[in-house]
2 protein chains.
Amino acid sequence: MQEYLPILKKSNLFQGVTSEEIQTMLTCLSARLKHYKKDEFIIHSGDYIRSIGMVVSGTALIIQEDFWGKRTIISEVMPGTLFAETYACIPSSPIEMSVLCDTECDVIFMDFNRIMNICSSACNFHTRLVQNFISAIAKKNMVLTKKMQHMSKKTIREKLLSYLSAESIKASSSTFDIPFNRQQLADYLSIDRSALSNELSKLQAEGIITYNKNQFTLSTFSG
Amino acid sequence: MQEYLPILKKSNLFQGVTSEEIQTMLTCLSARLKHYKKDEFIIHSGDYIRSIGMVVSGTALIIQEDFWGKRTIISEVMPGTLFAETYACIPSSPIEMSVLCDTECDVIFMDFNRIMNICSSACNFHTRLVQNFISAIAKKNMVLTKKMQHMSKKTIREKLLSYLSAESIKASSSTFDIPFNRQQLADYLSIDRSALSNELSKLQAEGIITYNKNQFTLSTFSG
DNA sequence: TTCAAAATGTTGTAATAACAACTGAATTGT
DNA sequence: ACAATTCAGTTGTTATTACAACATTTTGAA
């Protein structure tokens with residue numbers, strides 16, 4: 001498993017932990033490495049999850065199948081990223097999505113109970129691990145909540161203003177840069193790109209915002 | 001603080017912990033009780049959060065103010081419910097919402113670091129507390145992810161089928177009950193109620209679903 | 001049982017969005 | 001510098017949605 005230490009070290013879970021400490025931890029957690037072929041399932045929808053997984057080589061896809069068998073790609077899992085961690089925290093709920101290898105993959109599994117139950121053998125960095133883990137879940141939570149606030153608005157205009165307002169507040173300035181290009185922003189808000197461009201133009205024409213490329217400015221007074 | 005033990009006992013955080021154990025824990029966590037008047041702020045947007053709060057009497061509102069000062073109610077906090085817990089996990093991010101008393105409120109605050117750092121004085125139920133806490137955050141995460149999957153669909157029909165499909169899979173049956181009335185379902189999916197009713201009628205006319213009150217059945221073959 | 005209120009369904013219309021097709025600007029690689 | 005490609009904005013058309021107003025059904029209390 002040592003060959004993957006550089007990736008582990010960069011991961012959110014092991015942030016701030018040295019390579020040596022990681023090695024101790026992996027033993028302490030009885031982490032196990034498993035290899036998967038392309039198109040192989042790592043997790044099937046309906047499984048009860050007791051371990052968290054981290055892809056350390058290759059990429060996997062989180063997919064969901066609806067009642068009629070139609071598949072939707074929820075997200076892509078890159079090396080260093082955890083998956084199934086939410087369901088590992090709630091052992092009584094079966095997972096409602098599948099994890100499928102997009103390429104050959106190597107995955108490290110760590111038992112959730114071992115993560116949570118501080119080991120008696122005095123693994124000093126365990127507390128740090130638990131905090132990183134909680135932090136990762138909390139961050140995901142934050143990202144989802146924020147997105148939800150924009151998405152729950154009914155019109156493109158409202159969605160946009162909600163998003164831009166949040167970015168402005170985050171930047172503590174009425175002028176700020178956004179991290180998306182137009183297509184990405186449209187995807188993020190689940191709207192059409194051209195409709196987005198169109199609405200931005202209108203907002204600018206009405207003097208509510210001004211923008212240039214990815215830099216936006218909100219007007220203090222709209223009238 | 002003893003007067004609130006019944007509420008604490010029923011809360012997610014202290015689930016499965018006896019009243020005596022809770023009292024020990026509260027001491028171990030140096031929990032403190034604070035009283036607020038109606039319309040008083042418990043948390044201001046921009047604050048850095050180090051404690052999680054639990055309302056034990058009264059109700060509070062989670063609100064957000066946008067760039068132009070327009071307020072939106074995000075949710076209501078009832079007795080026994082935690083708030084600000086996500087931000088407590090990420091001390092470097094200021095909170096982006098405010099918590100405002102809707103009525104007079106009593107709130108118990110517990111220091112996040114004390115929750116996370118297992119006390120040396122051998123408080124046996126601490127591990128349980130941490131697990132409950134993580135479970136609460138993970139559940140919120142699950143709820144948000146699920147809702148997001150429906151909301152990210154573009155048409156009412158797609159949103160509805162996504163929701164109904166998920167409920168069907170959860171129930172492991174093509175026939176199932178939903179926990180919402182029409183208005184609540186419309187609010188949940190951020191769509192208009194009459195448009196929702198209308199689309200349900202069409203789906204039934206096309207033989208894709210059948211329903212009666214809150215019981216729905218999905219058709220295996222749509223053609 | 002009867003009545004009022006609440007919940008659900010229906011219809012038409014105006015507003016809004018998606019989509020397609022296109023233009024022009026900006027960016028990139030050679 | 002040039003061509004190729006990506007990115008952003010514009011326009012017109014069609015599809016979808018919100019909204020209002022009303023009809024019907026269900027519910028619950030008197």
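We name chains A, B, ... by the order of the sequence lines, and we start the count at 1 in each one.
The number of heavy atoms from other shown groups lying within 6.0 Å of NZ (B:Lys9) does not exceed 12. Counting heavy-atom neighbours within 6.0 Å of B:Ile73 CD1, excluding the residue itself, gives a total of 12 or less.
Five base pairs at each end of the helix from C:dT1-D:dA30 to C:dT30-D:dA1 define two local axes, and these are offset by 60° (rounded to 10°).
Put simply, NZ on A:Lys153 is 17 Å from C1' on D:dA18, counting in whole angstrom units. Taking atom CG of residue B:Asn198 and atom P of nucleotide D:dA23, one finds them 17 Å apart after rounding to whole Å. A:Leu185 places its CG atom 14 Å from the C1' atom of D:dC7, with the value rounded to the nearest Å. C:dT10 atom P lies 11 Å from atom CZ of B:Arg182, rounded to whole Å. Remark: P of C:dA17 and CZ of A:Arg193 are 16 Å apart, rounded to the nearest angstrom. Rounded to whole Å, the distance from CG on B:Leu196 to C1' on D:dT17 is 12 Å. Protein atom CG of A:Asn212 is 14 Å distant from nucleotide atom P of C:dA25, rounded to whole Å. Nucleotide D:dT16 holds its C1' atom 8 Å from the NZ atom of B:Lys202, rounded to whole Å.
For A:Arg32 and A:Ser51, the side-chain atoms include at least one donor-acceptor pair closer than 3.5 Å. Judged by distance alone, the side chains of B:Thr155 and B:Glu158 do bring a donor and an acceptor atom under 3.5 Å apart. With hydrogens and angles left out, the side-chain atoms of A:Gln64 and A:Glu96 include no donor and acceptor closer than 3.5 Å. Under 3.5 Å, the side chains of A:Ser165 and B:Asp66 contain no donor-acceptor pair of N or O atoms.
Contact annotation: A:Lys154 does not reach the phosphate of C:dA17 (side-chain N/O to OP1 or OP2, under 4.0 Å). Distances shorter than 4.0 Å separate none of the side-chain N or O atoms of B:Thr155 from OP1 or OP2 on D:dA15.
At a threshold of 4.0 Å, the pair B:Glu104-B:Lys38 does not count as salt-bridged, since none of the basic side-chain nitrogens sits closer than that to a carboxylate oxygen.
The B:Ser194 side chain lies nearest to D:dC19 when the options are D:dC19, C:dA20, C:dA17.
Mapping A:Ser197 and B:Glu199 onto DNA chain D by nearest heavy atom places A:Ser197 closer to the 5' end of the strand. Residue whose closest nucleotide on DNA chain C sits further toward the 5' end, between B:Leu200 and A:Asp192: B:Leu200.
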